[in-house]
> 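Pasting a structure here, questions to come.
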Amino acid sequence: MLRPLPLLLLTLLCTCVSAQLRAQQSPVGQKTLRDRTLESLEPYQEFLSIPNDARIKGQLEPNLVWLEKEFAKRGFVGRRLKNEGIDLLLFTYQAATPKAETVLFYGHVDGQSVDVSKWILSPPFKPVYGTMTAMADGTINYQKVATLPAKPETTDVRLFARASSDAKAPIMLFLVAWDQMIADGKRPNYTVKFIIDSMEEFSSPDLPGAVKTHRAALAADHLIILDGPVHITNQPTIVGGARGIASARLTVYGPKLPQHSGHYGNYAPNPALQLAQLLASMKNDAGRVTIPGYYDGIEIDAATRRILDGVPDDANSIHQKIGFSQPDGVGRNLQEALQYPSLNIKGMSSGWVGLSARTIIPNTAVVNMDLRLVKESDGDRLLGLVRNHIKAQGYYIIPEGREPTDEERANHARLASFGGKTSYAAFRTDLNGKTGSWLQNAIKHTFGKDPVLIRTMGGSVPIAPFVTELDVPAVVLPLVNPDNNQHSPNENILLKNYFKGAETLYGVLTEKL
């Protein structure tokens, strides 16, 4: 006599069966999503073969033409939105119901500039399959794969090419998922808009103006940003926001010309030492910014801490992989640290070093900094606080772009120039709001488990103009592997992520809103 299954076991079985059905969704004899994803690898390689550096005049145009053709084939109405530089592309698929909500997807088609000499397996715009293995001595071993395995989604094979992860992959996977949805006789119960940025890696210089100009065309109820890697554990991930960014340049002036360190050492002030002391005054030994007011407005309540603590970061693994023992003390853990604005030194220069070193007192010392912003922090305000701090340390600040005059040198013991600019602001959306909850449901129904929820990712995307100007909740839906070498030579996408990304987007497109 058969005994009834326990309720918990029955529920788990139903969830797994439901997830498997959603991953296939095709009647007997029709292509499955897996089949369609495998077939898409060839046209994806063609897409990746089109160079896409926005800094090179005319290089983006073939990409835009490719996109217009592919979206048009699927019934989208496309239009170019005028932008300072390269046009934005907007594709729209109207819902059958007139009063349906609108979901605006964001992606970018441009990629970082390339140094061909650093690409190991193949030039950046000649896609090739291969593997990437971390060796015991810390080096990376790259190997070509001559023949694609029968089930590449179960292996560690990658596709190497510029923009293979950042960020042509989400666009291609959206098209794959769309094709499967249509073949299955389904349609979204919402209007779909897809905006494609052509200058994201060029910091989208006039995106705020373009969004303001085309506000009506871009209007939406939800914004889904298809960019960035999933959590380091490579699990499905949803991100509620991204930090903004501001940059600054600080120069400390010494003698008019470099001076002999024997003749004037211990006498002529050394700007390199002064700069080091000035920078040290901005942070304490724990790495926290000591400039008054820098962290104003930031509070981590109990509900927020639960979200932050729920991210499965392995601190020891992170420290070992990057190569340090003690993190800065800005937050209790990595996720909490990302909730605060940063003040980072990204490069310094003074005199000469190495084999070119000279026994001199340098005439200048320069530092470039970036300030990662959170929703509570305003970039211009923080730059003002840094400027005021420099003045409080006794420096007379001259305008950028010129040397101190003889009169300024005679009247001020400490001379510096300082300038900065806010590129774009941070944004953050409640992950348990309508947009976040809908995406959580889609992923849970697709994979049978909850996604990793990240309140704010550490990187920056120039998407804040959409959020502020359109007044729309925005959530980041990353798809690609965290070890994809984005912005670097040998960029790649792990084929496991390629196949899983198609499943993710199929789940989103078919999840009722």
Side-chain angles (χ1 to χ4, degrees), residues 221-225 228 230-233 235-246 283-316 318-319 326-344 371-382 384-385 422 424-444 449-461 463-464 466-468 470-478:
D221 302 288
H222 310 270
L223 173 58
I224 310 301
I225 302 158
V230 297
H231 184 256
I232 195 169
T233 55
Q235 300 177 56
T237 304
I238 298 175
V239 183
R243 297 202 286 184
I245 187 168
K283 284 190 173 184
N284 62 20
D285 290 343
R288 289 184 65 88
V289 177
T290 55
I291 298 172
Y294 204 83
Y295 297 137
D296 280 2
I298 299 167
E299 297 180 3
I300 309 293
D301 58 23
T304 299
R305 277 215 165 85
R306 282 193 292 272
I307 294 175
L308 303 179
D309 293 343
V311 179
D313 290 332
D314 182 337
N316 290 332
I318 293 170
H319 300 172
Q326 184 73 28
D328 283 349
V330 180
R332 296 180 308 129
N333 51 44
L334 171 60
Q335 297 303 320
E336 189 168 310
L338 298 180
Q339 311 309 308
Y340 292 86
S342 70
L343 181 59
N344 177 60
L371 293 68
R372 297 285 177 169
L373 313 172
V374 296
K375 189 175 181 180
E376 293 83 358
S377 61
D378 175 78
D380 290 345
R381 187 183 77 87
L382 294 189
L385 292 178
T422 299
Y424 37 88
F427 74 91
R428 190 172 65 240
T429 297
D430 181 5
L431 284 170
N432 292 316
K434 187 172 180 180
T435 306
S437 296
W438 167 57
L439 290 178
Q440 288 184 58
N441 289 337
I443 288 178
K444 188 170 184 178
K449 63 179 182 179
D450 291 323
V452 175
L453 300 181
I454 297 179
R455 188 180 189 237
T456 299
M457 69 178 183
S460 303
V461 291
I463 203 74
F466 285 97
V467 182
T468 54
L470 302 180
D471 190 24
V472 60
V475 175
V476 182
L477 182 63

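Atom set for the values below is all heavy atoms of this structure, side chains included, hydrogens, waters and symmetry mates excluded.
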> Just to verify, which of Leu338, Val311, Leu431 counts as forming a side chain to side chain contact (heavy atoms under 4.5 Å, CB included) with Ile454?
Val311
> Show the numbers, then the answer: is there a side-chain contact (heavy atoms from CB on, under 4.5 Å) between Asp313 and Asn333?
CA-CA 9 Å; Asp313 290 332; Asn333 51 44; over 6 Å; no
> Going by the rule ring-ring contact (aromatic ring centres under 6.0 Å, His included), which residues pair with Tyr294 if we only count those two or more places apart in sequence or in a different chain?
none
> For a side-chain contact (heavy atoms from CB on, under 4.5 Å) check, start with the C-alpha distance between Leu477 and Ile443, then their side-chain angles and the critical distance, and finish with the verdict.
CA-CA 10 Å; Leu477 182 63; Ile443 288 178; 4.0 Å; yes
> Just wondering, do Val330 and Tyr295 contact through their side chains at under 4.5 Å, heavy atoms?
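They are in contact (side-chain heavy atoms under 4.5 Å apart), so the answer is yes.
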> Does any part of the side chain of Tyr424, heavy atoms only, come nearer than 4.5 Å to the side chain of Thr468, both counted from C-beta?
no
> Could you work out, with side-chain contact (heavy atoms from CB on, under 4.5 Å) as the rule, every residue matching Ser377, not counting sequence neighbours?
Pro341, Leu373, Val374, Leu382
> Working to the nearest 0.5 Å, report the span between CD1 of Ile238 and OG1 of Thr429.
12.0 Å
> Is the closest side-chain heavy-atom distance between Val239 and Pro478 below 4.5 Å?
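Val239 reaches Pro478 side chain to side chain.
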> Under the side-chain contact (heavy atoms from CB on, under 4.5 Å) criterion, do Phe427 and Leu223 qualify, and how do the steps go?
CA-CA 12 Å; Phe427 74 91; Leu223 173 58; over 6 Å; no
> How long is the gap from CD1 on Ile225 to CD1 on Ile463, to the nearest 0.5 Å?
4.5 Å
> Can you give me the closest heavy-atom contact between Gln235 and Thr233, atom names plus distance?
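Minimum heavy-atom separation between Gln235 and Thr233: NE2-OG1, 3.0 Å.
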> Could you tell me whether the side chain of Thr237 and the main chain of Val452 form a donor-acceptor pair under 3.5 Å?
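Absent.
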> What is the minimum heavy-atom distance between Ala464 and Ala426, and which atoms define it?
CB-O, 4.3 Å
> Just verifying a value: how many Å separate Thr304 OG1 and Ile298 CD1, rounded to the nearest 0.5 Å?
12.0 Å
> Give the C-alpha distance, both sets of side-chain angles, the deciding distance and a yes or no for side-chain hydrogen bond (donor to acceptor under 3.5 Å, both in side chains) between Ser460 and Arg372.
CA-CA 8 Å; Ser460 303; Arg372 297 285 177 169; 2.7 Å; yes
> Arg243 side chain to Tyr340 main-chain N or O, any donor-acceptor pair under 3.5 Å?
yes
> Just how far is it from atom NZ of Lys283 to atom CG of Asp328, taken to the nearest 0.5 Å?
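One finds 6.0 Å between NZ of Lys283 and CG of Asp328.
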> Going by salt bridge (charged side-chain N to carboxylate O under 4.0 Å, His left out), name the pairs with one or both residues in residues 286-311, residues two or more places apart or in two chains.
Arg305-Glu336, Asp309-Arg332
> Between CG of Asn441 and CG of Asp450, what distance do you get to the nearest 0.5 Å?
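Interatomic distance, Asn441 CG to Asp450 CG, rounded to 0.5 Å: 9.0 Å.
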> Just verifying a value: how many Å separate Leu334 CG and Asp314 CG, rounded to the nearest 0.5 Å?
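CG of Asp314 is found 11.5 Å from CG of Leu334.
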> Of all the heavy-atom pairs spanning Met457 and Ala242, show the shortest one and how long it is.
CE-CB, 3.7 Å
> Strictly by modelled atom types, are Arg455 and Gln339 linked by a side-chain donor-acceptor pair under 3.5 Å?
yes
> Side chains of Pro473 and Lys434: closer than 4.5 Å at any heavy-atom pair?
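With C-beta onward as the side chain, the pair stays apart.
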> Which pair of non-hydrogen atoms, one from Ala474 and one from Val467, has the smallest distance, and what is that distance?
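Shortest heavy-atom separation between Ala474 and Val467 comes out as CB-CG2, 3.6 Å.
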> Would a distance-only check, ignoring hydrogens and angles, find a side-chain to backbone donor-acceptor pair under 3.5 Å from Lys375 to Gly241?
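No; judged by distance alone, with no hydrogens or angles, the pair does not exist.
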> Using every non-hydrogen atom in the two residues, find where Pro327 and His319 come nearest and quote the distance to one decimal.
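Minimum heavy-atom separation between Pro327 and His319: CD-CE1, 3.8 Å.
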> Evaluate the side-chain contact (heavy atoms from CB on, under 4.5 Å) criterion for residues Ile224 and Thr435: first the C-alpha distance (whole Å), next the side-chain angles of each, then the deciding distance (0.1 Å), finally the verdict.
CA-CA 9 Å; Ile224 310 301; Thr435 306; 3.8 Å; yes
> Would you say Asn432 and Gln440 make side-chain contact, with heavy atoms under 4.5 Å?
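Contact flag for Asn432/Gln440 side chains = yes.
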